[in-house]
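Presented below is the structure to which this report refers.
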Amino acid sequence: MRILALDSSGLVAGVAVVESAEDGADAKTIAEYTVNYKKTHSQTLLPMLDEVAKMTELDLASIDAVAVAAGPGSFTGLRIGSATAKGLGLALAKPLVPVPTLEGLAYNLCGVGGIICPVMDARRGQVYTGIYRFPDGERLEVVEDQMAVSIEELAEKLQHYGEEVTFLGDGVPVFRRRLEEELLKGEKIRFAPAHMNRQRAASVGALALRYYAEGKTETAAQHRPDYLRVSQAERERKERMEHDTVSM
């Protein structure tokens, strides 16, 4: 089984090719291309895909599915990743495997004990987050599904479990000091190292192999990103409409 994986949900853009046995076991990464630079994903994602295909002599028709980080995350980044995945799915007549962004991020720490808590800076005083475990060392367990909450609310949730928590994601630099010195002071917490604390397409692909084996696929036409909340443009449009209604 071979999967092409895309992740443009955050600041990092990634493309990977992963393979495994039919049941999703014994996954291996054939290639992974990651860029964390100030170019837009619309500039980087397709050239990265082209380079990966060239370097691995990949015939795109040979893949079994296209995996994509399906949200939440950057609204623009999610749209770019979604459009790319849908285009490939339609052109190649292949299914899509939508991987929730925070599950893919948590899978960076596959095998780590305790609670895994990815945090992405969602702005407006919130984080995108979820709470996960690896109960048998490999299988990802969703303890609390991905959500958009304040960092204070997240800290309260984590205190209820009484377990060591490992944080990762682009929200760590924003909230680390508050977590250590205020919100979770005295609790057992730690932070993933630099090479494991951002989105990785290979993790999305490895998790997608399992989801594919479990039948968690959709067609390109069915796929929609999961934004978790409306965009700023949509909020502002709604506020203008409400204001106009009141003024009439």
Side-chain angles (χ1 to χ4, degrees), residues 1-37 39-71 73-74 76-108 110 138-140 195-196 198-226:
M1 188 191 314
R2 179 180 294 170
I3 285 183
L4 172 68
L6 311 172
D7 193 332
S8 58
S9 60
L11 297 174
V12 178
V15 176
V17 179
V18 296
E19 290 183 353
S20 78
E22 287 301 315
D23 61 358
D26 302 319
K28 62 179 179 180
T29 301
I30 305 302
E32 182 177 21
Y33 193 158
T34 301
V35 172
N36 185 7
Y37 192 62
K39 290 186 177 180
T40 65
H41 296 328
S42 60
Q43 294 175 290
T44 58
L45 200 61
L46 286 175
M48 291 163 64
L49 170 57
D50 185 56
E51 188 65 23
V52 165
K54 286 179 181 178
M55 291 296 291
T56 60
E57 300 179 338
L58 175 67
D59 178 2
L60 289 175
S62 71
I63 66 172
D64 294 290
V66 179
V68 61
S74 156
T76 301
L78 289 175
R79 290 187 183 109
I80 292 168
S82 174
T84 304
K86 286 166 71 75
L88 288 167
L90 287 168
L92 301 170
K94 303 293 182 180
L96 268 58
V97 185
V99 175
T101 299
L102 292 151
E103 292 180 25
L105 191 50
Y107 211 66
N108 285 4
C110 180
E138 293 185 7
R139 179 178 59 85
L140 178 69
H195 65 286
M196 299 171 72
R198 294 291 190 275
Q199 287 92 329
R200 288 189 58 187
S203 294
V204 170
L207 190 53
L209 287 168
R210 292 182 175 272
Y211 290 172
Y212 182 91
E214 295 169 5
K216 297 179 180 179
T217 65
E218 61 188 11
T219 66
Q222 291 171 328
H223 176 68
R224 297 289 186 278
D226 181 6

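Here the structure is a predicted model, which is why all the values come from computation and not from measurement.
- When all heavy atoms are compared, the tightest approach of Glu19 to Leu209 is O-CD1, 3.8 Å.
- In this structure, Val12 and Gln199 approach most closely via the heavy-atom pair CG1-O, 3.7 Å.
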Exercise for the section: Evaluate the criterion side chain to side chain contact (heavy atoms under 4.5 Å, CB included) for residue pair Leu58 and Ile30; output intermediate values, then yes/no. Expected result: CA-CA 10 Å; Leu58 175 67; Ile30 305 302; over 6 Å; no
Exercise for the section: For the pair Tyr107 and Glu138, evaluate side-chain hydrogen bond (donor to acceptor under 3.5 Å, both in side chains) and give the outcome as yes or no after the intermediate values. Expected result: CA-CA 9 Å; Tyr107 211 66; Glu138 293 185 7; over 6 Å; no
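- Closest heavy-atom contact between His223 and Ala70: CE1-CB, 4.0 Å.
- Other residues, nucleotides and ligands place no more than 12 heavy atoms under 6.0 Å from the CG atom of Leu11.
- In this structure, CZ on Arg79 lies 12.0 Å from OG on Ser8, to the nearest 0.5 angstrom.
- Side-chain contact check for Ile3 versus Val66: every heavy-atom pair is 4.5 Å or farther apart.
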Problem - side-chain hydrogen bond (donor to acceptor under 3.5 Å, both in side chains) evaluation trace for Ser62 with Arg2 - result: CA-CA 8 Å; Ser62 71; Arg2 179 180 294 170; 2.7 Å; yes
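- Distance alone, capped at 3.5 Å, is enough to place a donor-acceptor pair between the Asn108 side chain and the Met196 backbone.
- Annotation: the span from Asp50 atom CG to Met55 atom CE amounts to 12.0 Å, rounded to 0.5 Å.
- Rounded to the nearest 0.5 angstrom, Leu49 CG and Leu60 CG are separated by 6.0 Å.
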Handout entry: Working for side-chain hydrogen bond (donor to acceptor under 3.5 Å, both in side chains), residues Ser42 and Thr40
Key = CA-CA 5 Å; Ser42 60; Thr40 65; 2.9 Å; yes
Exercise for the section: Kindly indicate, with the supporting measurements, whether the criterion side chain to side chain contact (heavy atoms under 4.5 Å, CB included) is fulfilled by Leu92 and Ile63. Expected result: CA-CA 9 Å; Leu92 301 170; Ile63 66 172; 3.9 Å; yes
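- Every residue meeting the side-chain hydrogen bond (donor to acceptor under 3.5 Å, both in side chains) condition with Lys216, not counting sequence neighbours, appears here in chain and number order: Glu214.
- For the atom pair CD (Gln222) and OG1 (Thr217), the distance works out to 8.0 Å, reported to the nearest 0.5 Å.
- Between the CG atom in Leu102 and the OG atom in Ser9 there is a gap of 8.0 Å [rounded to 0.5 Å].
- Side-chain contact between Val17 and Thr29 is absent, with no heavy-atom pair separated by less than 4.5 Å.
- Nearest heavy atoms, Ala202 versus Val18: O-CG1, 4.0 Å.
- Contact between Ala13 and Thr44 at its shortest, heavy atoms only, is CB-OG1, 3.8 Å.
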Exercise for the section: Start with the C-alpha gap between Leu140 and Tyr211, add the side-chain angles, then the distance that decides, and say whether side chain to side chain contact (heavy atoms under 4.5 Å, CB included) holds. Expected result: CA-CA 11 Å; Leu140 178 69; Tyr211 290 172; 4.0 Å; yes
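- Taking 4.5 Å as the limit, every side-chain heavy atom of Asp7 sits out of range of all side-chain heavy atoms of Arg200.
- In this structure, Ala208 and Val99 approach most closely via the heavy-atom pair CB-CG2, 3.9 Å.
- Take Thr101 and apply the side-chain hydrogen bond (donor to acceptor under 3.5 Å, both in side chains) test, not counting sequence neighbours, and it matches no residue.
- For the pair Val204/Leu6, no side-chain contact is recorded, criterion being any heavy-atom separation below 4.5 Å from C-beta on.
- With a 4.5 Å cut-off on side-chain heavy atoms, Glu218 and Arg224 do not count as touching.
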Handout entry: Residues Thr219, Leu96; criterion side chain to side chain contact (heavy atoms under 4.5 Å, CB included); working and verdict
Key = CA-CA 6 Å; Thr219 66; Leu96 268 58; over 6 Å; no
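- Counting only heavy atoms from C-beta outward, the side chains of Lys94 and Leu88 never approach each other to under 4.5 Å.
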